[in-house]
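A short worksheet on the structure shown next.
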Number of protein chains: 2
Amino acid sequence: MKLETNNLKDVGLKVTIPRVKILKILEQETNNKHFSAENIFNILLDDGDDIGLATVYRVLTQFETAGLVIRHHFESENSVFELNNGKHHDHIVCIKCGKVEEFFDDIVEIRQQKIAKRLGYILTEHHLNLYGLCSSCKN
Amino acid sequence: MKLETNNLKDVGLKVTIPRVKILKILEQETNNKHFSAENIFNILLDDGDDIGLATVYRVLTQFETAGLVIRHHFESENSVFELNNGKHHDHIVCIKCGKVEEFFDDIVEIRQQKIAKRLGYILTEHHLNLYGLCSSCKN
DNA sequence: ACTACTATTGATAATGATTCTCAATATCAT
DNA sequence: ATGATATTGAGAATCATTATCAATAGTAGT
């Protein structure tokens with residue numbers, strides 16, 4: 001039994017063609033692991049698969065609910081989705097080419113907890129997105 | 001000449017009734033200085049002002065372009081606007097009551113610069129939003 | 001492998017926030 | 001006050017996303 005099939009079964013989703021294909025796309029090892037629904041829809045089209053856009057949205061939302069993927073909102077743009085590898089990280093986005101890189105910084109994480117505590121909050125989540133010009137685009 | 005009138009003149013916008021009224025709302029000293037377009041539209045309605053929603057959006061966008069206000073996107077919600085007081089800060093949002101508080105932390109700021117540098121980026125902007133339960137809501 | 005039950009899909013309509021269009025109106029320099 | 005030009009209000013248009021619903025596919029039990 002293939003990996004994708006297992007993942008789906010594990011989270012209680014039936015193994016259907018759209019789900020398997022979308023999961024495969026998300027698992028691709030590309031230079032950008034962040035996909036919009038439209039992105040995925042177009043990749044499926046190029047592959048000759050006949051899967052509706054509504055299904056792509058539905059499946060991505062189900063994957064999010066199941067914890068298989070994480071949804072992000074960079075700037076004011078559309079939702080983008082990435083496979084959830086279980087390791088928390090934040091993002092830096094190139095404002096020119098759109099490249100998204102991940103990073104994790106202990107000091108920032110600890111500091112956030114301190115800030116929340118000082119203000120009397122129980123911290124449940126945070127979003128830290130850095131925006132700038134990547135090494136290729138800054139020239 | 002009133003304060004609002006000055007602000008508008010300074011950024012090269014004609015002094016019109018909608019602009020003055022919207023600016024006054026944004027300048028209110030309330031416990032939440034973050035307004036959605038709809039918020040402002042409703043406040044205007046309650047005040048008996050007959051200003052269209054399209055105008056509210058237009059004026060807020062003009063204020064943003066002029067640097068008078070800053071637009072934020074918390075979670076996946078609508079745009080919210082706050083008066084730009086010139087001092088950079090980040091936000092912590094209560095996921096229950098929606099309260100928004102501001103904070104500034106030097107250590108986080110410095111750390112962000114370091115992270116960007118390490119990854120080869122020129123940092124132009126960042127968004128740090130913390131989410132949690134505020135002191136009133138955590139009980 | 002076959003059936004039957006139920007979940008899933010695809011196409012399209014609906015939604016909600018925001019922006020656009022355009023004729024009517026208001027602002028401001030003269 | 002007048003005229004040139006910017007702004008407004010109302011409603012249409014847009015865009016991403018979600019809901020609807022009849023047709024189809026997955027799966028457990030035989």
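Numbered from 1 within each chain, the chains take letters A, B, ... in sequence-line order. Fair warning: this is a prediction, and the values are worked out from it, not measured in the lab.
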Which whole-number value in Å describes the distance from [X] [atom1] to [N] [atom2]?
{"X": "Phe41(B)", "N": "dG11(D)", "atom1": "CZ", "atom2": "P", "result": "11 Å"}
{"X": "Asp50(B)", "N": "dT8(D)", "atom1": "CG", "atom2": "C1'", "result": "11 Å"}
{"X": "Phe35(A)", "N": "dT17(D)", "atom1": "CZ", "atom2": "C1'", "result": "20 Å"}
{"X": "Leu8(B)", "N": "dC28(C)", "atom1": "CG", "atom2": "C1'", "result": "14 Å"}
{"X": "Lys21(B)", "N": "dT7(D)", "atom1": "NZ", "atom2": "C1'", "result": "15 Å"}
{"X": "Leu53(A)", "N": "dC15(D)", "atom1": "CG", "atom2": "P", "result": "14 Å"}
{"X": "Arg58(A)", "N": "dA11(C)", "atom1": "CZ", "atom2": "P", "result": "11 Å"}
{"X": "Glu38(B)", "N": "dT18(C)", "atom1": "CD", "atom2": "C1'", "result": "11 Å"}

Discussion item. Regarding Thr61(A) and Arg58(A), do their side chains bring together a donor and an acceptor under 3.5 Å, going by distance alone?
Written reply: no
Discussion item. Using side-chain heavy atoms (C-beta onward) and a distance below 4.5 Å, is Cys97(B) in contact with Ser136(B)?
Written reply: no
Worksheet item: Do His73(B) and Ser79(B) have side chains that get closer than 4.5 Å, going by heavy atoms?
Response: yes
OP1 or OP2 of [N] versus the side-chain N and O atoms of [X]: is any pair under 4.0 Å?
{"X": "Thr55(B)", "N": "dT7(D)", "value": "no"}
{"X": "Thr16(B)", "N": "dT7(D)", "value": "no"}
{"X": "Tyr57(B)", "N": "dT19(C)", "value": "no"}

Fill in: Closest listed nucleotide, where the reference is the side chain of Ile17(B) and the choices are dT27(C), dG9(D), dA11(C)
dT27(C)
Discussion item. Ignoring hydrogens and geometry beyond distance, is the side chain of Arg19(A) in donor-acceptor contact with the base of dG26(D) at under 3.5 Å?
Written reply: no
Discussion item. Please check if the number of heavy atoms outside Lys33(A) that lie under 6.0 Å from its NZ is greater than 12.
Written reply: no
Worksheet item: Across the strands shown, which category fits Ser79(A) at heavy-atom distances under 4.0 angstrom: base, sugar-phosphate, nothing?
Response: sugar-phosphate
